[in-house]
J.: 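Mind having a look at this structure? Questions to follow.
Labels below follow one simple rule: chain letters A, B, ... track the order of the sequence lines, proteins then strands, and each chain is numbered from 1.
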Amino acid sequence: MRLLVVQPLGYKLDADKTFPFPKDLTMTETLAATYDPHQYEEKLYDFWMKHKLFRAVKDPSRKPYTILMPPPNVTSQLHMGHGTGYTMQDILVRWKRMSGYNALWLPGTDHAGIATQMMVEKSLEAEGKTRQELGREAFTQRLVEWKDKYGGLILKQFRSMGFSCDWDRLAYTMDPQLSSAVRRIFVDLYNDGLIYRGERLVNWDPVLKTAVSDDELDNQDIQGHLWHLVYPIEGLEEAITVATTRPETMFGDTAVAVNPDDERYKHLIGKQVRLPLVDRLIPIVADSYVKSEFGTGAVKITPAHDPNDFELGKRHDLPRINVMTDAATMNELVPARFRGLARFVARKEVVKAFKELGLLAKEEPYKTTVPISERSKEIIEPRLSKQWYVDMRKLAEPAIAAAKGGQLRFHPDLWKKTYLHWLENIQDWCISRQLWWGHRIPIWYCGACQGTSTGMTDPTTCSHCGSKDLRQDEDVLDTWFSSWLWPVSPFGWPDQRDDLDYFYPTDVLVTAPEIIFLWVARMVMVGLKTRGEVPFRDVFLTPTVCDKQGRKFSKTLGNGIDPLQVIAKYGTDAVRFTAVQLAPIGGRTRMSPEDFEAGGRFINKLWNASRFLLGYIKPGESIVPLDPEATGLPGQWLLNELAEATDRIEKALNTYRINDAADHVYHLIWGSFCDWGLESAKTALAGSDERTKASTISMLVYVLDGILRLASPIMPFVTEEIWQKLPRHPDWDRPVSLTVAEFPKSSKLKRFPAAAEKWSTVQSLVSEIRSVRSQSGIAPKLPLKAFVRCSSELANLFDGAATDICRLASLAELTSGPDTKRPGQSLAAVGRGFEAFIPAEGIIDIGKEQTRLKAEVSRVGKILNGIEAKLANPNFTDRAPAEVLEQTRAQRDNMRFQLESLQKNLETLA
RNA sequence: GCGAGUAUAGCUCAGUUGGUUAGAGCGCUGCCUUCACACGGCAGAGGUCCUCAGUUCGAAUCUGAGUACUCGCACCA
């Protein structure tokens with residue numbers, strides 16, 4: 001038999017002989033009883049890499065499919081949160097690659113300014129050194145060494161996750177090419193007048209001694225106090241009491257404010273207060289910002305230490321007095337007694353001092369919220385300083401329009417609101433950081449005219465006055481100022497356009513919702529600014545992965561799951577499969593390490609099913625062309641299952657419902673292929689009819705091939721290992737690897753609805769018989785006879801499948817027909833359109849069987865009553881659609897049939 | 001304070017535009033180990049679909065109110 005067959009899947013499948021495995025992929029000839037993932041995974045990954053299967057180069061004849069990998073921090077380590085999100089991306093990329101796209105998953109890492117610098121500073125601290133002692137150059141050198149040593153560990157972890165990114169394109173935000181992109185966008189925005197330097201209050205991290213943005217803060221509720229401080233009024237025997245949570249800032253007070261309509265204080269407006277401890281006169285001003293009902297209705301105003309006071313101070317032209325150092329200790333502007341104290345120590349001392357002076361009116365507990373620096377976990381101190389800002393309004397406008405106009409879509413859609421809300425209320429972006437790790441701000445200050453210069457090359461003379469007295473800004477740019485270029489910079493922007501023109505815009509961005517502001521929105525802005533087009537059409541937000549208590553994975557809690565640990569235990573495919581199967585479409589999911597065991601068992605199941613099937617094909621042996629007719633009802637049913645599962649999986653992937661896709665793969669393999677497909681096939685495989693046997697093997701190989709293709713994006717290793725062993729033809733244009741083989745298309749698959757329907761009736765007969773046997777406590781293998789009463793049509797079906805039914809239900813003999821009589825003392829199994837009787841005289845407990853039947857009668861009776869009541873209701877029969885009505889009637893008939901049969905059976909037992 | 005989300009079996013989650021007897025996996029119970037896999041097979045038990053009210057012939061699904069949890073944003077003298 002040497003037929004060449006074109007399969008309905010659209011790809012070719014056959015074997016005259018076993019195809020020799022690729023020479024560089026040493027395959028074991030037989031499959032071991034238990035799948036040991038570690039034996040194969042590394043070898044398979046090397047094999048893929050060697051054949052450059054993940055490489056994507058510009059090819060105008062093919063459609064690109066591009067996903068940008070969210071660049072992890074170069075020094076970070078993988079946890080299952082990443083694991084899930086990145087696996088989803090890999091599944092999409094692998095699926096599109098198999099579907100004929102030029103698929104690119106672009107990998108890269110981020111230098112993560114603050115995070116990395118903090119780590120290196122900590123390691124210096126352990127040596128008793130500071131970065132200032134070391135100096136900028138030596139410190140930066142340490143950072144580079146640190147990055148070389150610890151950086152990239154996460155990329156190795158990506159490899160063990162099986163991620164199919166194009167490693168030749170690995171990008172790093174500090175690469176010269178990407179750095180020049182940073183310079184370019186800075187210069188362009190500067191020339192557009194969108195970058196400016198301003199003095200205002202910033203979120204100051206006193207540990208890292210840098211400004212941080214609003215988006216890098218966490219809020220923490222703490223139990224604090226509200227202190228009522230008495231400020232004497234100059235020239236009057238009166239005083240005014242202010243309430244504050246931060247007494248230590250009183251040294252910087254430059255006014256007291258009250259509401260203009262507050263009758264209590266109206267007469268004091270314009271008077272002056274003598275500030276205790278510092279003996280300075282400050283005015284009492286009126287401002288509607290002050291709420292009369294809060295505290296005492298009078299507020300101390302400290303423009304240099306509070307954002308609201310800063311704004312109020314601007315309105316009243318108040319001086320700003322900064323009373324703290326960059327480490328948040330009290331500076332030289334405060335009285336000697338307090339100088340050098342840490343702010344919270346100073347707070348206690350100030351309260352003490354007021355008490356001593358008899359000027360503390362009240363101290364009450366008060367719940368308040370303090371901003372915490374995400375990185376150092378230190379409480380932020382608002383600090384007056386000069387920083388560089390990007391004017392975001394103009395950049396935000398097109399980004400808003402893109403989401404509203406549908407060029408940019410969110411999955412799930414609810415995140416669009418979050419995105420729009422932020423953009424519509426956007427604040428200017430503080431982009432300077434007082435760090436040494438990052439892209440240094442390309443600004444030069446002129447010593448002569450104080451002007452600022454910038455440019456793509458370092459200026460040697462001032463662009464305003466021509467002076468050579470130039471000094472570069474000491475600060476670096478916010479990390480996100482390089483990450484927001486991710487859609488363009490790794491493709492060569494601004495110097496090269498080839499790849500950019502081909503791959504831009506990308507297809508989908510898959511990332512965590514918490515960086516919608518920090519990253520996603522900004523990429524959209526930069527994409528629109530540089531290319532006039534959104535950088536990606538779809539944004540898919542991954543679920544937040546939590547532990548079983550519902551707490552987010554975090555380093556400090558140590559509750560994260562390390563993917564490498566679960567991989568070591570269950571294998572990569574198991575981890576990938578479980579991770580995406582457990583991940584819901586929106587929101588959050590709870591995971592524990594034990595959850596991955598189920599994945600491991602699933603992988604093993606697939607392995608063993610394949611091992612069983614391949615045991616019927618000797619190496620070098622041929623298989624016959626697929627002939628659905630010859631495989632009978634079970635074969636056509638299975639082929640139909642494959643087609644329907646393919647359809648479901650296709651739909652799930654198209655709508656980013658990756659968890660559903662995983663679920664459908666699971667049920668196809670376990671439920672359809674193993675539990676019914678292989679079990680039914682055993683009849684043919686054990687039979688003596690060589691033709692049927694050969695057809696069955698061919699059908700099973702065909703289905704398994706389809707299964708492996710469908711499952712490959714989710715579990716690439718085990719599927720590849722098995723697929724390489726399937727019989728194929730050496731002369732065919734056949735890809736070297738499953739990862740580049742064609743993904744099944746449901747539109748190309750043949751369906752067998754009539755055969756499938758028939759076979760599922762057989763299945764329900766088998767299930768019913770098993771069920772009554774089991775419930776009656778009859779030994780599972782006791783070969784009993786069965787008599788089935790049904791229409792002659794069904795009898796034909798059952799007769800034809802008698803061998804299968806007997807095998808699957810452990811029967812010795814099956815008789816069926818419309819005139820079948822019920823033997824006395826028999827078990828009854830009732831299904832849709834049939835009654836099966838199993839004579840069981842002497843082996844059943846009559847009483848037990850009666851109880852069982854009574855319970856069944858009662859259960860079915862209740863259902864029937866419900867249906868009949870429904871059908872008796874004219875409102876229902878008049879208004880329900882014909883289809884529903886028909887369905888309900890059919891259901892009633894079926895229930896009536898079952899009830900009658902059960903009752904009769906009960907009678908004969910008695 | 002504003003906004004959003006979630007609430008279905010012991011646990012983790014499905015449940016498509018309202019319409020069969022509300023499902024799956026894990027866990028649990030019973031039976032079954034020559035014949036791919038005990039990481040297995042077969043059969044079961046288990047649900048006031050958060051509460052109340054409403055719309056409808058019909059509600060897990062739609063509406064309103066409430067409760068609980070989660071997440072944003074703002075305020076915080």
Side-chain angles (χ1 to χ4, degrees), chain A residues 31 33-35 219 224 226-228 242-246 257 289-291 294-302 306 308-309 366-370 412 414-415 417-418 421-422 425 513-514 516-517 544 546 548 550 552 570 578 581-584 586-592 594-595 597-598 600-615 651 659-660 663 666-667 670-671 674-675 678-679 682 686 767 770-775 777-781 808-810 859-860 862-864 866-867 870 873-881 883-885 887-888 890-891 894-895:
Chain A
L31 301 180
T34 305
Y35 177 64
N219 287 318
L226 197 59
W227 286 279
H228 294 237
V242 297
T244 180
T245 54
R246 307 200 51 203
Y289 156 76
V290 182
K291 291 189 188 91
F294 189 91
T296 62
V299 192
K300 63 190 267 310
I301 300 299
T302 324
D306 181 282
N308 292 308
D309 294 5
Y366 184 71
K367 258 188 204 150
T368 183
T369 318
V370 292
L414 61 100
W415 293 110
K417 276 191 182 174
T418 310
H421 183 262
W422 185 76
N425 298 284
E514 57 257 36
I516 289 178
F517 310 144
T544 310
C546 300
K548 282 286 168 190
K552 227 176 183 174
Y570 306 111
T578 309
Q581 197 205 21
L582 289 181
R588 51 212 287 115
T589 183
R590 294 162 195 234
M591 259 181 217
S592 69
E594 301 79 57
D595 290 338
E597 194 188 322
R601 294 215 305 261
F602 174 50
I603 303 299
N604 194 53
K605 183 75 177 175
L606 172 62
W607 179 259
N608 270 296
S610 308
R611 186 164 75 102
F612 170 73
L613 175 58
L614 291 175
K651 282 189 180 128
N659 56 335
D660 283 354
D663 234 32
Y666 183 92
H667 286 108
W670 208 309
C674 297
D675 287 349
L678 291 181
E679 289 307 320
K682 280 176 183 172
S767 293
R770 281 171 177 172
S771 180
V772 288
R773 284 180 59 130
S774 171
Q775 285 179 55
I778 293 169
K781 297 221 168 128
L808 293 167
S810 305
R859 185 183 69 88
V860 174
K862 269 185 203 156
I863 295 166
L864 183 60
I867 298 168
K870 209 191 224 182
N873 181 352
N875 279 327
F876 174 71
T877 46
D878 292 351
R879 301 196 201 186
E883 202 184 287
V884 174
L885 206 56
Q887 242 173 33
T888 313
Q891 191 192 341
N894 180 32
M895 284 298 131

J.: Between B:rG18 and B:rA60, how far is it from one P atom to the other, in whole Å?
T.: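 So the two P atoms sit 13 Å from each other.
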J.: Nearest to the A:S771 side chain among B:rA43, B:rC76, B:rU12, which nucleotide is it?
T.: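 Between B:rA43, B:rC76, B:rU12, the one nearest the side chain of A:S771 would be B:rA43.
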J.: How far does the C1' atom of B:rA38 sit from the matching atom of B:rC32, given to the nearest Å?
T.: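 These two C1' atoms come out 11 Å apart once rounded.
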J.: Scan A:N425 against the nucleic acid and name what it touches under 4.0 Å (heavy atoms): base, sugar-phosphate only, or nothing.
T.: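 The residue A:N425 makes no contact with any strand.
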J.: Are OP1 or OP2 of B:rG44 and a side-chain N or O of A:Q775 less than 4.0 angstrom apart?
T.: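 The answer is yes; a side-chain N or O of A:Q775 sits under 4.0 Å from OP1 or OP2.
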J.: Take atom C1' in B:rU12 and the same atom in B:rC52, then report the distance between them in whole Å.
T.: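 The same atom, C1', in both gives a distance of 29 Å.
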J.: Would you mind telling me which of B:rA43, B:rC37, B:rC31 lies closest to the side-chain atoms of A:N608?
T.: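 Given the options B:rA43, B:rC37, B:rC31, the side chain of A:N608 is closest to B:rC37.
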J.: With rounding to whole Å, what would you report as the distance between B:rA24 and B:rG47 at their P atoms?
T.: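 Here B:rA24 and B:rG47 have their P atoms 15 Å from each other.
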J.: Could you check which nucleotide pairs with B:rC31 in any of the strands shown, counting Watson-Crick or G-U wobble with both distances under 3.5 Å?
T.: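 Its partner is B:rG41.
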J.: By the 4.0 Å heavy-atom rule, please label A:L582 as base, sugar-phosphate, or nothing.
T.: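 If one applies the 4.0 Å heavy-atom cut-off, A:L582 turns out to touch the sugar-phosphate alone, with no base involved.
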J.: Rounded to whole Å, how long is the line connecting atom CD of A:E597 with atom P of B:rG40?
T.: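 After rounding, the reported distance stands at 9 Å.
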J.: Check every strand shown and say whether A:G295 touches a base, only sugar-phosphate, or nothing at a heavy-atom separation below 4.0 Å.
T.: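 Nothing, no nucleic acid heavy atom in range.
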J.: Does A:R246 reach a base, just sugar-phosphate, or nothing at all? Heavy atoms under 4.0 Å.
T.: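 No contact.
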J.: Would you mind telling me which of B:rU12, B:rA36, B:rG72 lies closest to the side-chain atoms of A:K552?
T.: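 My answer, after comparing the listed nucleotides, is B:rG72.
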J.: A:N604 has an atom CG; how far is it from atom P of B:rA38, in whole Å?
T.: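 The distance from CG of A:N604 to P of B:rA38 comes to 8 Å, rounded to the nearest Å.
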J.: What's A:I867 touching, base or sugar-phosphate or nothing? Going by heavy atoms closer than 4.0 Å.
T.: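 Result for A:I867 = sugar-phosphate.
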J.: Please confirm whether the shortest side-chain N or O distance from A:N308 to OP1 or OP2 of B:rC76 is below 4.0 Å.
T.: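 So the side chain of A:N308 is within the cut-off, an N or O lying under 4.0 Å from OP1 or OP2 of B:rC76.
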J.: Without decimals, in angstroms, what is the distance between A:D660 CG and B:rG25 P?
T.: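 Whole-Å distance recorded here is 15 Å.
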J.: Regarding A:D663, tell me which of base, sugar-phosphate or nothing describes its non-hydrogen contacts under 4.0 Å with the strands shown.
T.: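 A:D663: no heavy atom of the nucleic acid under 4.0 Å.
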J.: Counting only side-chain heavy atoms from C-beta out, which of B:rG19, B:rG41, B:rU12 sits nearest to A:F876?
T.: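 For A:F876, the side-chain atoms sit closest to B:rG19.
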J.: Would you mind reading off the distance between A:Q581 atom CD and B:rC13 atom P, rounded to a whole angstrom?
T.: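 Rounded to the whole Å, the gap is 12 Å.
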J.: Please give the distance between the P atoms of B:rA14 and B:rU6 as a whole number of Å.
T.: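 Each nucleotide's P atom is 10 Å from the other's.
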J.: Any strand is fair game: report the nucleotide pairing with B:rU6 by Watson-Crick or G-U wobble, both distances under 3.5 Å, or none.
T.: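 Partner of B:rU6: B:rA68.
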J.: On RNA chain B, compare the nucleotides closest to A:A598 and A:P780; which residue's is nearer the 5' end?
T.: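 The 5'-side residue here is A:A598.
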J.: Base, sugar-phosphate, or nothing: which does A:W670 touch, judged by heavy atoms less than 4.0 Å apart?
T.: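 Sugar-phosphate contact only - A:W670 comes under 4.0 Å of backbone atoms but never of a base.
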J.: Tell me if the side-chain of A:T369 makes a donor-acceptor pair with the base of B:rC76, cut-off 3.5 Å, by modelled atom types.
T.: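 Counting by modelled atom types and ignoring angles, a donor-acceptor contact under 3.5 Å is found here.
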J.: Could you tell me the separation between the OG1 atom of A:T302 and the CG atom of A:N308, rounded to the nearest 0.5 Å?
T.: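 Between A:T302 OG1 and A:N308 CG, I get 11.0 Å after rounding to 0.5 Å.
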J.: Describe the nucleic acid contact of A:V370 in one word from base, sugar-phosphate, nothing, applying a heavy-atom distance below 4.0 Å.
T.: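 Counting heavy atoms under 4.0 Å across all strands, no contact is made by A:V370.
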J.: I'd like the P distance from B:rA22 over to B:rU48, given in whole Å.
T.: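 About 13 Å, rounded to a whole number of Å.
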J.: Determine the Euclidean distance between corresponding C1' atoms of B:rA7 and B:rU55; express it in Å to zero decimal places.
T.: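 Roughly 23 Å separates the two C1' atoms.
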J.: Determine whether a donor-acceptor pair (one donor, one acceptor, N or O, separation below 3.5 Å) exists between the side chain of A:K605 and the base of B:rC39.
T.: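 Looking at the base of B:rC39, it does not pair with any donor or acceptor on the side chain of A:K605 (distance under 3.5 Å).
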J.: Measure from CG on A:L678 to C1' on B:rG40 and round the result to the nearest Å.
T.: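 After rounding, the gap between these two atoms is 13 Å.
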J.: Searching all strands shown, indicate the nucleotide that pairs with B:rU48 (Watson-Crick or G-U wobble; both distances under 3.5 Å).
T.: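 Across all strands, not a single nucleotide pairs with B:rU48.
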J.: Quick one: does NZ or CZ of A:K682 land under 6.0 Å from the six-membered ring centre of A:F612, within 45 degrees of the ring axis?
T.: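 Yes, a cation-pi geometry.
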J.: Closest to the A:K682 side chain: B:rG41, B:rA36, B:rA24?
T.: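 The listed nucleotide nearest to A:K682's side chain is B:rA36.
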J.: Whole angstrom is fine here: how far is it from CG in A:L864 over to P in B:rU20?
T.: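 It is 17 Å, rounded to the nearest whole Å.
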J.: When you measure from the side-chain N and O atoms of A:T589 to the phosphate of B:rC13, is any distance below 4.0 Å, counting only OP1 and OP2?
T.: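 For B:rC13, OP1 or OP2 has a side-chain N or O of A:T589 closer than 4.0 Å.
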J.: So A:Y666 and A:F602, would you call those rings parallel, tilted or perpendicular, with 30° and 60° as cut-offs?
T.: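 Tilted.
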J.: Reckon A:N873 touches a base, only the sugar-phosphate, or nothing at all at heavy-atom distances under 4.0 Å?
T.: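 Sugar-phosphate contact only.
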J.: Output the single nucleotide from B:rG27, B:rG19, B:rA43 whose closest atom is nearest the side chain of A:R601.
T.: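 Side chain of A:R601 sits closest to B:rG27.
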J.: When the P atoms of B:rU63 and B:rU17 are compared, how many Å lie between them, rounded to an integer?
T.: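 So the two P atoms sit 12 Å from each other.
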J.: Need one value for A:K291: base, sugar-phosphate or nothing, where a base atom within 4.0 Å counts as base even if backbone is also close, heavy atoms only.
T.: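 The residue A:K291 makes base contact.
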J.: Considering Watson-Crick and G-U wobble pairs with both distances under 3.5 Å, what does B:rC75 pair with?
T.: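 Partner of B:rC75: none.
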J.: Round to the nearest Å and state the distance from A:N219 atom CG to B:rG72 atom P.
T.: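 It works out to 10 Å between those atoms.
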J.: Atom OH in A:Y35, atom CG in A:L606: separation rounded to 0.5 Å?
T.: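 It comes to 9.5 Å.
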J.: Indicate, yes or no, whether a donor-acceptor pair under 3.5 Å links the base of B:rA36 to the side chain of A:E679.
T.: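 Such a pair is found, so the answer is yes.
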J.: In terms of the nearest nucleotide of RNA chain B, which residue is placed more toward the 5' end: A:A609 or A:R590?
T.: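 Counting from the 5' end, the first nearest nucleotide belongs to A:R590.
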J.: Taking atom NZ of A:K548 as the centre, report whether more than 12 heavy atoms of other residues, nucleotides or ligands fall under 6.0 Å from it.
T.: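 Atom NZ in A:K548 is packed in, count exceeds 12.
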J.: Please name the nucleotide paired to B:rU16 by Watson-Crick or G-U wobble geometry with both distances under 3.5 Å, or report none.
T.: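 Looking at the geometry, B:rU16 pairs with no nucleotide.
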J.: What contact category does A:D595 fall into here, base, sugar-phosphate, or nothing, at under 4.0 angstrom with non-hydrogen atoms?
T.: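 It contacts nothing in the nucleic acid.
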J.: Give every pair of a protein N or O atom and an N or O atom of nucleotides 5-9 of chain B that lie under 3.5 Å apart, one pair per line with the distance.
T.:
none

J.: Scan A:L226 against the nucleic acid and name what it touches under 4.0 Å (heavy atoms): base, sugar-phosphate only, or nothing.
T.: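 The answer is sugar-phosphate, as A:L226 gets under 4.0 Å only of primed atoms, P, OP1 or OP2.
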J.: In terms of side-chain heavy atoms of A:F517, which of B:rC42, B:rC73, B:rA24 is nearest?
T.: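 Closest of the options to the side chain of A:F517: B:rC73.
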J.: Base, sugar-phosphate alone, or nothing: which one does A:P874 contact when heavy atoms must sit under 4.0 Å apart?
T.: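 Counting heavy atoms under 4.0 Å across all strands, no contact is made by A:P874.
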J.: Counting side-chain heavy atoms from CB outward, which of B:rG19, B:rG27, B:rA36 is closest to A:V884?
T.: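 So the side chain of A:V884 is nearest to B:rG19.
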J.: A:F612 side chain: which of B:rA43, B:rC26, B:rA36 is closest?
T.: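 Shortest atom-to-atom distance from the side chain points to B:rA36.
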J.: How close or far is atom P of B:rC31 from atom NZ of A:K781, stated in whole angstroms?
T.: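 After rounding, the reported distance stands at 15 Å.
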J.: Looking only at side chains, do A:N604 and A:R601 share a donor and an acceptor under 3.5 Å apart?
T.: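 Side chains of A:N604 and A:R601: no pair found under 3.5 Å.
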J.: Under 4.0 Å, heavy atoms only, any strand: does A:Y666 hit a base, just the sugar-phosphate, or nothing?
T.: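 Sugar-phosphate, no base atom in range.
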J.: Counting Watson-Crick and G-U wobble pairs only, both distances under 3.5 Å, name the nucleotide matched with B:rA22, or none.
T.: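 The answer is none; no pair meets the criterion.
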J.: Taking the side chain of A:T368 as heavy atoms from C-beta outward, which of B:rA36, B:rA43, B:rC76 is closest to it?
T.: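 Among the listed nucleotides, the one closest to the side chain of A:T368 is B:rC76.
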